[in-house]
Amino acid sequence: MNADLHCHSTVSDGQFAPADVARRAHAHGVTLWALTDHDEVGGQVEARDTARELGMGYLCGVEISVTWAARTVHIVGLNVDPSCQALIDGLERTRSGRAARAEAMGEQLDALGIPGTYEGALKLASNADMISRTHFARCLVENGHCKSTQDAFDRYLADGKPGYVAHRWSKLADAVKWIQTAGGEAVVAHPGRYDYTPLEFDALFGEFIDLGGKAIEVVTGSHTPDQYREYADVARRFGFEASRGSDFHAAGEGRVELGGLPPLPSDLKPVWERWL
Ligand code: AMP
Ligand code: MN
Ligand code: MN
Ligand code: MN
């Protein structure tokens with residue numbers, strides 16, 4: 001089993017259309033796949049149909065942006081019904097502030113002497129509703145201001161950097177509820193990326209469990225190998241099931257290819273076993 005349950009298409013901030021991500025996942029040996037675009041399920045039917053044609057297992061997915069304790073957390077939903085109205089409405093509300101936020105980011109970058117980034121990012125976003133920091137990062141690279149998208153985040157776009165605009169996403173309880181209402185399981189995405197204290201992490205995981213959350217990502221393209229071990233221990237301590245996903249966005253961006261991660265530690269229960 002080569003499960004890759006986290007990646008992106010042009011429906012959010014990925015480079016390839018859903019059908020092309022499906023073909024790429026299949027070509028790289030993925031046997032169970034989920035496309036998890038940010039705050040949008042518009043690519044799910046195309047992804048599922050293409051996976052079926054290829055004979056590759058598929059779970060409908062989504063990655064929801066949440067604000068918890070003044071910071072952004074991502075919650076992946078797996079095996080959701082993409083036609084669930086509660087999920088669709090919740091995601092639409094979650095997306096709704098992106099346009100104004102992007103304009104504010106553009107104004108901040110203008111003030112730093114970097115003009116035209118909002119317009120450039122908008123052109124790169126195939127889905128204008130889903131304009132994201134990734135599109136700004138790619139634009140800053142194209143315009144020669146940064147040497148890589150990582151460099152763009154490190155210097156301008158990460159929390160606390162001069163191009164960052166704080167944003168209020170959805171509530172953890174709402175995101176988990178929409179996923180559950182759509183018949184899916186909620187998974188805390190890449191916990192190693194969050195800048196919480198140990199006490200805050202315990203509170204986050206405790207609240208997630210109280211809401212019915214059962215799983216976290218352990219082996220993800222957004223973790224270092226040290227973090228695979230650290231969050232495997234967290235999964236053991238809290239009794240979480242574990243998920244695995246590349247968080248693939250684009251060729252040459254990020255650390256890993258679709259299907260290219262090591263397996264989960266063998267003592268952890270994979271979240272996908274319930275659907276096999
Ligand atoms: P947004 O939803 O607009 O805030 O954009 C979030 C996206 O930016 C994430 O899904 C990643 O694709 C990317 N991202 C966030 N932080 C970083 C980072 N430190 N380095 C590289 N990419 C990042
Ligand atoms: Mn992304
Ligand atoms: Mn994420
Ligand atoms: Mn992601």
Side-chain angles (χ1 to χ4, degrees), residues 4-16 18 21 25 33-41 43 61-68 70-78 91 94-106 108-109 117-118 121-122 124-141 146-161 163-170 175 187-195 216-217 219-224 227 243-256 258 261:
D4 191 331
L5 305 183
H6 187 150
C7 64
H8 299 272
S9 76
T10 45
V11 168
S12 62
D13 58 350
Q15 175 189 18
F16 302 114
V21 187
W33 178 55
L35 176 69
T36 55
D37 277 308
H38 299 286
D39 306 327
E40 168 66 276
V41 286
V62 66
E63 181 177 19
I64 306 181
S65 311
V66 160
T67 300
W68 191 87
R71 293 197 186 76
T72 301
V73 168
H74 286 171
I75 302 294
V76 161
L78 294 176
L91 294 179
T94 306
R95 288 195 298 272
S96 63
R98 278 189 182 267
R101 170 202 190 221
E103 285 184 43
M105 286 172 61
Q108 283 189 198
L109 290 165
T117 320
Y118 168 69
L122 193 58
L124 293 175
S126 348
N127 177 1
D129 254 16
M130 275 307 304
I131 185 166
S132 83
R133 286 185 290 160
T134 313
H135 301 111
F136 277 80
R138 291 184 186 136
C139 177
L140 287 167
V141 173
C146 296
K147 61 180 195 297
S148 65
T149 52
Q150 190 56 59
D151 181 40
F153 275 95
D154 292 346
R155 284 165 55 207
Y156 296 109
L157 302 174
D159 190 347
K161 299 296 173 183
Y164 182 77
V165 172
H167 190 70
R168 179 77 65 92
W169 301 108
S170 48
V187 181
V188 177
H190 43 61
R193 282 234 315 242
Y194 311 135
D195 187 20
I216 63 170
E217 289 184 343
V219 175
T220 142
S222 295
H223 281 174
T224 63
Q227 289 173 324
S243 192
R244 173 181 187 263
S246 58
D247 210 354
F248 177 85
H249 284 73
E253 242 178 58
R255 250 181 357 96
V256 289
L258 285 154
L261 288 166

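As the structure lists them, so they are numbered: ligands from 1, and atoms in each ligand from 1. If you read the sequence from its start, that first residue is 1, and numbering goes on from there. Being a predicted model, the structure only gives us computed values, none of them experimental.
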Residue Glu63 atom name (nearest to the Mn ion (ligand 4); N/O/S):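 Going through the N, O and S atoms of Glu63 one by one, OE1 ends up nearest to the Mn ion (ligand 4).
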Of all N/O/S atoms in Asp247, the name of the one nearest the Mn ion (ligand 4):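 Nearest to the Mn ion (ligand 4) within Asp247's N, O and S set: OD1.
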Whether Arg98 side chain and Ile131 backbone form a donor-acceptor pair below 3.5 Å: yes
salt_bridge(Glu40, Arg95) N-O dist < 4.0 Å: yes
Regarding [X] and [Y], is there a side-chain donor-to-acceptor distance under 3.5 Å anywhere?
X      : Y     : value
Asp39  : Thr94 : no
Glu63  : His74 : yes
His135 : Asp13 : no

Any N, O or S atom of His249 closer than 2.8 Å to the Mn ion (ligand 2): yes
The Mn ion (ligand 2) to nearest N/O/S of Asp13 below 2.8 Å: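 Of the N, O and S atoms in Asp13, at least one lies under 2.8 Å from the Mn ion (ligand 2), which means yes.
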Minimum heavy-atom distance Cys146-Ala152, with the two atoms named: SG-CA, 3.6 Å
Nearest non-hydrogen partners of Arg133 and Ala158, listed with the distance: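 Closest heavy-atom pair between Arg133 and Ala158: NH1-CA, 3.9 Å.
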Whether His8 has an N, O or S atom under 2.8 Å from the Mn ion (ligand 4): yes
Metal proximity, His6 vs the Mn ion (ligand 4), N/O/S cut-off 2.8 Å: yes
Whether His8 and His249 hold their rings parallel, tilted or perpendicular, with breakpoints at 30° and 60°: parallel
Atom pair CH2 (Trp33) and OG (Ser246), whose distance is rounded to the nearest 0.5 Å: 10.0 Å
Of the N, O or S atoms in His38, the one nearest the Mn ion (ligand 2): NE2
Which N or O atoms of ligand 1 sit under 3.5 Å from a protein N or O, and how far apart is each pair?
{"unit_1": "ligand 1", "atom_1": "2 (O)", "unit_2": "Arg98", "atom_2": "NH1", "d": "3.3"}
{"unit_1": "ligand 1", "atom_1": "2 (O)", "unit_2": "Arg98", "atom_2": "NH2", "d": "3.0"}
{"unit_1": "ligand 1", "atom_1": "3 (O)", "unit_2": "Arg98", "atom_2": "NH1", "d": "3.0"}
{"unit_1": "ligand 1", "atom_1": "3 (O)", "unit_2": "Arg101", "atom_2": "NH1", "d": "2.8"}
{"unit_1": "ligand 1", "atom_1": "3 (O)", "unit_2": "Arg101", "atom_2": "NH2", "d": "3.4"}
{"unit_1": "ligand 1", "atom_1": "3 (O)", "unit_2": "Arg133", "atom_2": "N", "d": "2.9"}
{"unit_1": "ligand 1", "atom_1": "4 (O)", "unit_2": "Arg101", "atom_2": "NH2", "d": "2.7"}
{"unit_1": "ligand 1", "atom_1": "4 (O)", "unit_2": "Arg133", "atom_2": "NE", "d": "2.8"}
{"unit_1": "ligand 1", "atom_1": "4 (O)", "unit_2": "Arg133", "atom_2": "NH2", "d": "3.1"}
{"unit_1": "ligand 1", "atom_1": "8 (O)", "unit_2": "Thr134", "atom_2": "OG1", "d": "3.3"}
{"unit_1": "ligand 1", "atom_1": "10 (O)", "unit_2": "His38", "atom_2": "NE2", "d": "2.8"}
{"unit_1": "ligand 1", "atom_1": "12 (O)", "unit_2": "Asp13", "atom_2": "OD2", "d": "3.2"}
{"unit_1": "ligand 1", "atom_1": "12 (O)", "unit_2": "Thr134", "atom_2": "OG1", "d": "3.3"}
{"unit_1": "ligand 1", "atom_1": "12 (O)", "unit_2": "His249", "atom_2": "NE2", "d": "2.9"}
{"unit_1": "ligand 1", "atom_1": "20 (N)", "unit_2": "Gln150", "atom_2": "OE1", "d": "3.2"}
{"unit_1": "ligand 1", "atom_1": "20 (N)", "unit_2": "Gln150", "atom_2": "NE2", "d": "3.3"}

